Amino acid sequence: VQLQASGGGLVQAGGSLRLSCVASGRTISNYGMGWFRRAPGREREPVAGISWNGSRKDYAESVTGRFTISRDDAKNTVYLQMNNLKPEDTAVYYCAADGDYPFRGDGMDYWGKGTLVTVSS
């Protein structure tokens with residue numbers, strides 16, 4: 001599976017962005033999908049995850065209530081709607097796929113290249 005994230009950019013605090021992750025090479029319908037981010041000087045951290053059938057969604061505490069993950073398997077695409085963005089959300093955002101959900105923590109099966117989100121104060 002090849003994953004390509006897009007939709008990042010520069011936005012003011014309080015604004016919104018929607019990230020997209022388009023998969024190719026294989027359907028993602030059997031995969032749990034996740035969004036992760038790496039802020040400057042920090043370790044990569046999980047942001048949101050969604051089960052293969054969309055029945056379960058999980059969020060980092062820092063984004064709960066502001067971010068929404070969704071998937072459209074017909075488009076082989078996963079989304080991350082980000083509202084009320086804060087400067088601390090500034091990071092490179094990555095999408096990833098794994099055959100297990102919840103993710104086991106031993107590494108994702110596939111990673112995409114990241115997209116940069118910058119939130120100005």
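All figures in this text were calculated on a predicted structure; none of them were measured in a lab. All heavy atoms count here, side chains included; hydrogens, waters and symmetry mates do not.
Checked by atom type and distance alone, the side chain of R71 pairs as donor or acceptor with a backbone atom of S51 at under 3.5 Å. No side-chain donor-acceptor contact under 3.5 Å links N76 to the backbone of V22. Put simply, the side chain of N84 never gets that close to the backbone of G15: no donor and acceptor are under 3.5 Å apart. D98 places no side-chain N or O within 3.5 Å of a backbone atom of F103 that could act as its donor or acceptor partner. Under the 3.5 Å distance criterion, the side-chain polar atoms of T118 are left unmatched by any main-chain donor or acceptor of L10.
Taking CZ of R66 as the reference point, atom CG of N83 lies at 9.0 Å (rounded to 0.5 Å). The distance from atom CD1 of I69 to atom CZ of R56, rounded to the nearest 0.5 Å, is 12.5 Å. Here the CZ-OH distance, from F36 to Y93, works out to 13.0 Å after rounding to the nearest 0.5 Å. Separating the CG atom in N30 from the CG atom in N53 is a distance of 10.5 Å, to the nearest 0.5 Å. Rounded to the nearest 0.5 angstrom, C95 SG and M108 CE are separated by 9.0 Å. Rounding to the nearest 0.5 Å places NZ of K57 at 13.0 Å from OG1 of T64.
K75 and D73 are not joined by a salt bridge, as no carboxylate oxygen comes within less than 4.0 angstrom of a charged side-chain nitrogen. For the pair R38 and E45, the salt-bridge criterion is not met [side-chain N within less than 4.0 Å of a carboxylate O].
In this structure, V11 and M82 have side chains that are not in contact, with every pair of non-hydrogen atoms separated by 4.5 Å or more. Here the side chains of S16 and Q81 are in contact, with some heavy-atom distance below 4.5 Å. Contact annotation: the side chain of R37 never approaches that of V92 to less than 4.5 Å [non-hydrogen atoms, C-beta and beyond]. A 4.5 Å side-chain heavy-atom check between P46 and W35 finds every atom pair outside the cut-off.
A perpendicular orientation is assigned to the rings of W111 and Y94, their planes being inclined by more than 60° (bins at 30° and 60°).
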Notebook entry, point to check: Given T90 and V117, is the side chain to side chain contact (heavy atoms under 4.5 Å, CB included) satisfied, shown in steps?
Noted result: CA-CA 5 Å; T90 294; V117 173; 5.9 Å; no

Next item on the list: Could you walk me through whether Y31 and Y110 pass side chain to side chain contact (heavy atoms under 4.5 Å, CB included), step by step?
Entry: CA-CA 10 Å; Y31 290 89; Y110 303 100; 3.7 Å; yes

Item checked: Trace of the side chain to side chain contact (heavy atoms under 4.5 Å, CB included) decision for Q12 with L85 -> CA-CA 8 Å; Q12 289 187 331; L85 283 159; over 6 Å; no

Checklist line | Audit row: L80, T68, side chain to side chain contact (heavy atoms under 4.5 Å, CB included) steps and yes/no | finding: CA-CA 6 Å; L80 185 67; T68 302; over 6 Å; no

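The two atoms that bring P87 and A13 nearest to each other are CD-CB, 4.1 Å, heavy atoms only. Closest non-hydrogen pair, A23 versus V1, comes out as CB-CG1, 4.0 Å. Looking at every heavy atom in both residues, T77 comes nearest to S20 through CG2-CB, 4.4 Å.
Both F67 and M33 are part of a single hydrophobic cluster, where members link through side-chain heavy atoms under 4.5 Å apart. In the hydrophobic clustering of ILVMFWY residues, with side-chain heavy atoms under 4.5 Å counting as a link, L3 and W52 come out apart.
Cation-pi geometry between R18 and Y79 is satisfied (NZ or CZ under 6.0 Å from the ring centre, within 45° of the ring normal).
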